[in-house]
Amino acid sequence: MFKFWGSQDQQPQPRPQDGSSQSWYPPSVVSSPNSSRPGTPSSASSSSFSSHRTSDRPQSPSHVSPAEAAGIIAVLKDKSVDELRKLLSDKDAYHHFLLSLDQVKIQNNLRDELRKETLQLARENLEKEPRIMELRNQCRIIRTTELAAAQEKLNELERKKEETLKFYSPQSLLQRLQDAMNKAEEESENLHKQLLDRDVDLGTFVQKYKKLRTTYHRRALIHLSAKTSSIG
């Protein structure tokens, strides 16, 4: 609420018609260079006295800009003392005067516009609620059906990928090559045993044994080369 200058416990003074020093204008307005009322020595002394009394009282924070205060003063300066006293004593009259100020009208218009926009947004959100629920249900269905199947397929592919990487890893290849060498060595020994037991003739033994030993040594060289490369 705006604070008016003056107090109810002081005796009302008649409005001077000759521009005397007694005025309800604040010192800032009286001494303002934009004021149409010329300053006089008596008014200057009155302003100094008023400023001294104001400095003795605790200052309350003001939320009214100088331009707004000047506009309110322009509205109040044409009112009579009785009208001013009524504004101070009559709550309804003060409220009616407050609502008639341009600054208050602007604020009320802004408030009404914001309220209308908020209500419009709320209505639009409520109108979208069925569509939101429908999309939410579709997402739930997709999550429980299609997503579950896709997740299972992805897990299967991940498992196959791990198996493939493990199968073709350098360690796995070396191990399988070592197993093949051992197998060729075992077949060579079995063939040699068959020759000693006369289960195979010499010509067949030489042909098979030569082939097995060639395979064994080829695998051994590959294994040695791969092992050396992995170490390097």
Quiz item: What pairs meet the side chain to side chain donor-acceptor pair (under 3.5 Å) rule with one or both residues in residues 105-118, with sequence neighbours excluded?
Solution: none
Practice problem: List the atom of A180, the atom of R219, and the distance in Å for their closest heavy-atom pair. | Solution: O-NH1, 3.0 Å
Quiz item: Mind checking whether L195 and V206 sit in one hydrophobic cluster, side chains of I, L, V, M, F, W, Y counted as touching below 4.5 Å?
Solution: yes
Self-check item: Pairing residues for E185 by the side-chain contact (heavy atoms from CB on, under 4.5 Å) criterion, not counting sequence neighbours
Solution: E189, R213, Y216
Side-chain donor-acceptor pairs of residues 119-130 under 3.5 Å, sequence neighbours excluded:
unit_1: Q120; atom_1: NE2; unit_2: E124; atom_2: OE2; d: 3.4
unit_1: N125; atom_1: ND2; unit_2: L121; atom_2: O; d: 3.2

Quiz item: If you round to the nearest 0.5 Å, how far is CG of D90 from CZ of R85?
Solution: 12.5 Å
Practice problem: Please collect all side chain to side chain donor-acceptor pair (under 3.5 Å) contacts where either partner lies in residues 191-203, sequence neighbours excluded, each pair once. | Solution: D201-T204
Quiz prompt | Gap between atom CD of E186 and atom CG of D179 - 0.5 Å precision | solution = 11.5 Å
Quiz item: Where the side chain of S225 meets the backbone of L221, is there a donor-acceptor pair that is under 3.5 Å apart?
Solution: no
Exercise. Could you list the residues that satisfy side chain to side chain donor-acceptor pair (under 3.5 Å) with E163, not counting sequence neighbours?
Key: R159
Quiz item: Minimum heavy-atom separation for L191 to L212, with atom names?
Solution: CD2-CD1, 4.1 Å
Practice problem: Evaluate the side-chain proximity of L88 to L84: yes if any heavy-atom separation is below 4.5 Å, no if none is. | Solution: no
Quiz item: What distance separates S80 OG from K86 NZ, expressed to the nearest 0.5 Å?
Solution: 10.0 Å
Exercise. Using side-chain contact (heavy atoms from CB on, under 4.5 Å) as the criterion, list what pairs up with K161, not counting sequence neighbours.
Key: E158, L165
Exercise. Show which residues join I222 in its hydrophobic cluster (side-chain heavy-atom contacts under 4.5 Å, direct or indirect), or state none.
Key: L177
Quiz prompt | Side-chain touch K160/E156, heavy atoms, less than 4.5 angstrom | solution = yes
Quiz item: Taking only residues two or more places apart in sequence or in another chain, which ones pass side-chain contact (heavy atoms from CB on, under 4.5 Å) with L147?
Solution: R143
Quiz item: Between E152 and A149, is there a donor-acceptor pair closer than 3.5 Å when you use the side chain of the first and the backbone of the second?
Solution: no
Exercise. Work out which heavy atom in L87 is nearest to a heavy atom in F97; give both atom names and the distance.
Key: CD2-CB, 3.6 Å
Quiz item: Passes side-chain contact (heavy atoms from CB on, under 4.5 Å), H96 versus D92? Steps please.
Solution: CA-CA 6 Å; H96 179 73; D92 294 335; over 6 Å; no
Practice problem: Could you tell me which residues satisfy side chain to side chain donor-acceptor pair (under 3.5 Å) with N182, sequence neighbours excluded, listed by chain and number? | Solution: Q178
Self-check item: Q151: partners by side chain to side chain donor-acceptor pair (under 3.5 Å), with sequence neighbours left out
Solution: N155
Quiz prompt | Closest contact, heavy atoms only, V200 versus F205 | solution = CG2-N, 4.0 Å
Exercise. Just jot down the side chain to side chain donor-acceptor pair (under 3.5 Å) partners of S172, sequence neighbours excluded, or say none.
Key: R176
Quiz item: Among all residues two or more places apart in sequence or in another chain, which pass the side-chain contact (heavy atoms from CB on, under 4.5 Å) test with Q138?
Solution: E134, L135
Exercise. Apply side-chain contact (heavy atoms from CB on, under 4.5 Å) to K166 and E162, showing your working.
Key: CA-CA 6 Å; K166 184 178 180 180; E162 294 296 331; over 6 Å; no
